[in-house]
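Below you'll find the structure, written out as structure tokens, and then a few comments.
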Amino acid sequence: MDERYDPQKIELKWQKKWEEMNIHATDTIKGRKFYCLEMFPYPSGNIHMGHVRNYAIGDVIARYKKMRGYDVLHPMGWDAFGLPAENAAIKHGVQPSEWTYKNIDAMKKQLTGLGLSYDWERELATCSPEYYRWNQWFFLQMFKRALAYRKSSSVNWCPSCSTVLANEQVIDEKCWRCDSIVELKELDQWFFRITDYAERLLIDCDTLTGWPESVLTMQRNWIGKSEGVEVDFPIRGSDRKLRIFTTRPDTLFGVTFMCLAPDHPMSRELAGGNEKLDEMKNAGENPEEKIIIFTGENAINPLNNDAVPIVVANFVLMEYGTGAIMSVPAHDQRDFDTAKKYGIPIKQVITSGANLSPVELEEAFEDEGILINSAQFSGLKSNDAKKKIAEYIEERGLGKRTVNYRLRDWGISRQRYWGTPIPIIYCKKCGIVPVPEEGLPVILPENVSLTGLGSSPLADADEFVNTSCPKCGGEAGRETDTMDTFVDSSWYFIRYCSAKNEDALDRDNISNWMPVDQYIGGIEHAVLHLLYSRFFTKVLHDIGIVNFDEPFTNLLTQGMVCKETYKCQEHGWLLPEEAEKGTCIKCNRKVEIGRVEKMSKSKKNVIDPNHLIETYGADTSRLFSLFAAPPEKDLEWSDKGVEGAFRFLNRLWSAAYRIKACIRSSGIDDSAIDKDSPLFRKTHRTIKKVTHDIERDFHFNTAIASMMELLNELTAFRPADENDYALMGFALRNLVLLIAPFSPHIAEEVWETMGNKPSIFRQPWPEWDDEYTKAMQIELVVQVNGKVRAKAMVPAGLPDEKLKEIALRDRKVGEFTGDKPVRKVIIVKGKLVNIVV
RNA sequence: GCCGGAGUGGCGGAAUUGGUAGACGCAAGGGACUUAAAAUCCCUCGGGGCGUUGCUCCGUACCGGUUCGAGUCCGGUCUCCGGCACCA
């Protein structure tokens, strides 16, 4: 051990040693298993601070659990398919596979440099045929069960990426990746019927007690279940009917018009040659504005035989419900606005109950209440009326109760090259024919010309496309779309359960390790990835591959890494190193300091982890990102804070350096330690506190704070004799064990220096004795009428009577109580006495 | 609009079951060491008041309540962040 703390030197040393010792190999399960998983990264070529935070959190948990005696699976891999590889190919003429694998190499080095305890033996890349063949296999299983199907549909089309986007990939009508305005395009697409699982995905949210409430809420909202009634309205002068969906059957008597979605099959027919229909589809300047077109036809309300006009309305969605609605302006704000604008009558059928006759409404009354003007249902409460009217409708065959979900089927087709080929063959004779399982994998061909123009690049790869029909042997062509990369990430956690050379779906391996005990990743995946993974797991369960139906028992969504932004009037956004002392290094102009935002390349408010590790080392980088905020909250970057973490490790180092000689000479004979000494008790308290903080939702920031306290006390400690050396050794030994999961390299080095055999990670987690967590002396707080008036140091463990006596005798207390009679004395054991006068 | 979450010093954040508000760190100020600086170490550090080194009053977004005692529980208001958003 050198006198000076040199992170580069020791970190490299231990990373090498760990590899030689193969210390991160997956345990065979002997006792309790623990599957710790962090969301795998896209191999962009460089890690960012978000990765550092995510993986530091995961590594603390994995290393801690190992020390606690769990058999741990802690794998890492690559979400390797996706657009950037293809864009790089178009821009630089390099093959996507080459580009991807080069990036994987680079990023693996960076992750290793962080000292993360992954078992690289189980590394996977989703772009390898050994991996994606199983995507294809899953597709075939889904196809067999009609869970994969093809339909022509209007899809989101990004003109810039020239590809289809899933609903979830469209944010504010813009592409999630490039922010282009999304257009609609009609294409044949493959879908997974996730809507078949909507109800199970919804109710099983209740079983996910280890998930953050916010994520569950987002999933529930995304699924968007609503219960209501479908009702048929006959069209006057015709024998046809118009079917609508409503959640408010209690307002049926208030219907004054009917709305069709512009793309409802009846719209064009009923509206005839009305040109306005086309205009309406291409949304006006203000998409919020409500526009309707009268078709001239009327519908008959089956409950009261009123004839009401049928209109086409721009605000009605074809994809939801039946694409047609009944409009009740008195009790729906949108209908109210529309009715006012077009002079349609407003008929009140619900009152608040205060007044049972209609009033002049200034806005829609959307609450539930008491029915009026509703024939035999008048006088009922909304809730009862909903039930009674629904029954009435079903009895007379006028409609039926229905449940609707906001969730749509998952469109998985992508007109892209760098993804899993969809294992389907189109035969002129036999139609759509799945590739037989023996034919897997359908290999993605190399050396396909990529231009970024048009759609599916595979369509031009004749050798790929041209094939024979598995059924009839005749001429046939392959599907040229590839799968959404969310398919890849929907089951990768299952692949890790088996070693590289084992069957990917080995049931024993899967049931040994799954479900994931702790999953850690960004909140941005709250719906997409996490919902799809749950869906896949349920399908696998139904197929009989797995015996559980939720993949992730506990979920930790870490907050974003944020930093203030710098902007120069002339040069725009500036990198932190371009804004020196508040001025732009290019033009010397004053830099505008912007708000704290998520680190992003576009705003240049980024810190390069590589640079950070070079300057301070991996241990400091990890420690800071764990100390600055609790994991689930956003973390604000602070250069000074990093230095603080670095200082702490330096102080730990020099404390170890200073006392290592004493420790060695005194041996480590704990029996000689004075059990009453404050440092001994502080050490026990710290072990307890750190353990509790980790167990209690991973409050690493407070765990680290208490380790800092222990170091402060150890540094201030002045030994008087040999026994005190043993005590210091005891404190240091435990401190190093506690910090090991957080800053593993320095812990190993100090551990070794203290004369122990590596590795510290083969040591059990330290234990505490509750008897020794108690201080010998306590500070008794004395309150008068709930206000602190005095404090006194008293020996721990005094009986209540004694505490009361001390409190009442206190001079200061006397000043406040005066000669007023004591009404009551409240004693909180070992802490506080409150005197009420 | 609906649904979630959060408001505590100059800053990041602590306070686990209702019991000393501000742990730990950062910044700032003062001191030691040094020719000097950096590094390091020590001290101070929520605000106001005074007879100024100890005492006192106020203080956890705002208003009210429960309680011997409220950052914590209850009712209401405001602000900020995130998600969804013509879903009938």
Side-chain angles (χ1 to χ4, degrees), chain A residues 4 171-172 212-222 224-226 228 244-248 251 259 261 287-290 313-317 319-328 331-335 337-338 366 404-408 523-524 526-527 559-560 596 623-624 627-630 632-645 647-648 650-651 654 689 692-693 695-697 699 701-712 715-716 779-791 812 815 823-829 831-837:
Chain A
R4 205 178 69 87
I171 296 151
D172 290 334
E213 202 48 49
S214 58
V215 173
L216 292 174
T217 305
M218 280 160 78
Q219 294 226 342
R220 289 188 184 111
N221 290 344
W222 193 263
K225 179 180 182 173
S226 62
I244 58 96
F245 172 75
T246 181
T247 55
R248 291 295 300 271
T251 65
C259 295
E288 295 274 295
E289 199 188 336
K290 311 224 173 335
N314 68 335
F315 57 88
V316 177
L317 305 172
E319 312 87 75
Y320 186 78
T322 61
I325 60 165
M326 63 180 212
S327 285
V328 185
H331 305 295
D332 181 288
Q333 194 56 42
R334 292 160 302 179
D335 297 342
D337 296 342
T338 312
E366 295 186 326
N404 261 304
Y405 299 92
R406 212 189 65 108
L407 182 72
R408 308 285 150 77
I523 185 80
E524 66 271 23
V527 268
M560 299 180 297
V596 176
L623 195 71
F624 170 74
F627 177 62
E632 71 282 0
K633 282 186 68 173
D634 286 352
L635 181 154
E636 190 185 330
W637 185 260
S638 154
D639 292 330
K640 294 291 182 185
V642 177
E643 279 172 35
R647 269 201 291 269
F648 169 63
N650 268 291
R651 288 195 296 120
S654 47
K689 168 97 173 118
H692 279 191
D693 284 351
E695 295 288 343
R696 179 173 60 100
D697 291 334
H699 283 203
N701 55 332
T702 50
I704 294 167
S706 64
M707 290 189 266
M708 288 173 168
E709 282 184 47
L710 178 58
L711 179 63
N712 288 345
T715 310
E779 188 183 43
L780 181 70
V781 173
V782 185
Q783 297 182 333
V784 179
N785 291 339
K787 291 196 171 182
V788 180
R789 294 304 180 190
K791 292 173 185 177
K812 286 278 301 298
E815 286 174 28
R823 289 219 322 255
K824 202 170 165 189
V825 177
I826 289 140
I827 298 165
V828 181
K829 246 197 169 352
K831 253 188 187 168
L832 179 143
V833 176
N834 186 15
I835 298 159
V836 186
V837 295

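Computation of the quantities below employed the complete heavy-atom set of this structure, encompassing side-chain atoms and omitting hydrogens, waters and symmetry-equivalent molecules. The shown structure was predicted, so the numbers you read here are calculated from the model rather than taken from an experiment. In the text below, chain A, chain B and the rest are named by the order of the sequence lines, each starting its count at 1.
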Validate the cation-pi geometry between Lys290(A) and Phe315(A): distance from NZ or CZ to the six-membered ring centre under 6.0 Å, angle to the ring axis within 45°.
->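 Relative to the ring axis of Phe315(A), which defines the angle, Lys290(A) lies inside both limits.
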Identify each atom pair where a protein N or O and an N or O of nucleotides 52-59 of chain B are less than 3.5 Å apart, giving names and distance.
{"unit_1": "C57(B)", "atom_1": "OP2", "unit_2": "Arg789(A)", "atom_2": "NH1", "d": "3.2"}
{"unit_1": "C58(B)", "atom_1": "OP2", "unit_2": "Lys787(A)", "atom_2": "NZ", "d": "3.3"}

Would you please indicate if the ring centroids of Trp637(A) and Phe624(A) are separated by under 6.0 Å?
->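 Judged by ring-centre distance (under 6.0 Å), Trp637(A) and Phe624(A) do meet the cut-off.
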What's the [atom1]-[atom2] distance between [X] and [N], to the nearest Å?
X         : N      : atom1 : atom2 : answer
Trp222(A) : C87(B) : CH2   : P     : 15 Å
Glu709(A) : C24(B) : CD    : P     : 5 Å
Leu832(A) : G19(B) : CG    : P     : 10 Å
Ile826(A) : G18(B) : CD1   : P     : 16 Å
Leu711(A) : A23(B) : CG    : C1'   : 16 Å
Phe624(A) : G25(B) : CZ    : P     : 14 Å
Ile704(A) : C26(B) : CD1   : C1'   : 15 Å
Asn712(A) : U40(B) : CG    : P     : 14 Å

Using the [atom1] atom in both, what is the distance from [N] to [M], to the nearest Å?
N      : M      : atom1 : result
A23(B) : U44(B) : P     : 12 Å
G64(B) : G22(B) : C1'   : 26 Å
U8(B)  : G59(B) : C1'   : 10 Å
G71(B) : A15(B) : P     : 16 Å
A14(B) : G51(B) : P     : 41 Å
G12(B) : C50(B) : P     : 31 Å
A85(B) : C73(B) : P     : 32 Å
A32(B) : A38(B) : C1'   : 15 Å

Is there, by distance only and without an angle test, a donor paired with an acceptor across the side chain of [X] and the base of [N] below 3.5 Å?
X         : N      : value
Gln333(A) : G1(B)  : no
Glu779(A) : U20(B) : yes
Asn221(A) : C84(B) : no

Considering only heavy atoms from C-beta outward, does the side chain of Phe627(A) approach that of Phe648(A) to under 4.5 Å?
->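 No, too far: nothing below the 4.5 Å cut-off.
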Heavy-atom distance under 4.5 Å between the side chains of Val781(A) and Gln783(A), does that happen here?
->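 When only atoms from C-beta onward are counted, Gln783(A) and Val781(A) do touch, with a gap below 4.5 Å.
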Please answer whether the main-chain N or O of Val837(A) pairs with a side-chain N or O of Asn785(A) as donor and acceptor at a distance below 3.5 Å.
->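 Answer holds: yes.
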Syn-anti status, with the boundary at 90° from 0, for the nucleotide G9(B) |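 What G9(B) shows is a syn base, its glycosidic angle lying within 90° of 0.
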In the structure shown, which nucleotide is the Watson-Crick or G-U wobble counterpart of C33(B), with both distances under 3.5 Å?
->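 Its partner is none (no Watson-Crick or G-U wobble pair with both distances under 3.5 Å).
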Once you apply the 3.5 Å cut-off to both distances, tell me the Watson-Crick or G-U wobble partner of C2(B), or none.
->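 When the pairing criteria are applied, G83(B) turns out to be the nucleotide that pairs with C2(B).
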Looking only at side-chain N and O atoms, does [X] come under 4.0 Å of OP1 or OP2 in [N]?
X         : N      : answer
Tyr405(A) : C87(B) : no
Arg220(A) : G4(B)  : no
Arg406(A) : A85(B) : yes
Lys791(A) : U20(B) : no
Ser226(A) : A88(B) : yes

So what does Gly224(A) touch, heavy atoms closer than 4.0 Å: a base, only the sugar-phosphate, or nothing?
->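 No contact.
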With a 4.0 Å cut-off on heavy atoms, is Val316(A) in touch with a base, just the backbone sugar-phosphate, or nothing at all?
->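 Base: the residue Val316(A), judged by heavy atoms under 4.0 Å, touches a nucleobase.
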Going by an N to O cut-off under 4.0 Å, is there a salt bridge joining Asp693(A) and Arg696(A)?
->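 Counted as a salt bridge, because a side-chain N and a carboxylate O are separated by less than 4.0 Å.
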Between protein and nucleic acid, restricted to nucleotides 5-15 of chain B and to nitrogen or oxygen atoms under 3.5 Å apart, what atom pairs and distances do you find?
{"unit_1": "G12(B)", "atom_1": "O2'", "unit_2": "Ala628(A)", "atom_2": "O", "d": "2.8"}
{"unit_1": "G13(B)", "atom_1": "O3'", "unit_2": "Asn701(A)", "atom_2": "ND2", "d": "3.3"}
{"unit_1": "A14(B)", "atom_1": "OP1", "unit_2": "Asn701(A)", "atom_2": "ND2", "d": "3.1"}
{"unit_1": "A15(B)", "atom_1": "OP1", "unit_2": "Arg696(A)", "atom_2": "NH2", "d": "3.2"}

Cys259(A) pairs by side-chain contact (heavy atoms from CB on, under 4.5 Å) with which of Asn314(A), Thr338(A), Val316(A)?
->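 Looking at Asn314(A), Thr338(A), Val316(A), the match for Cys259(A) under the side-chain contact (heavy atoms from CB on, under 4.5 Å) is Val316(A).
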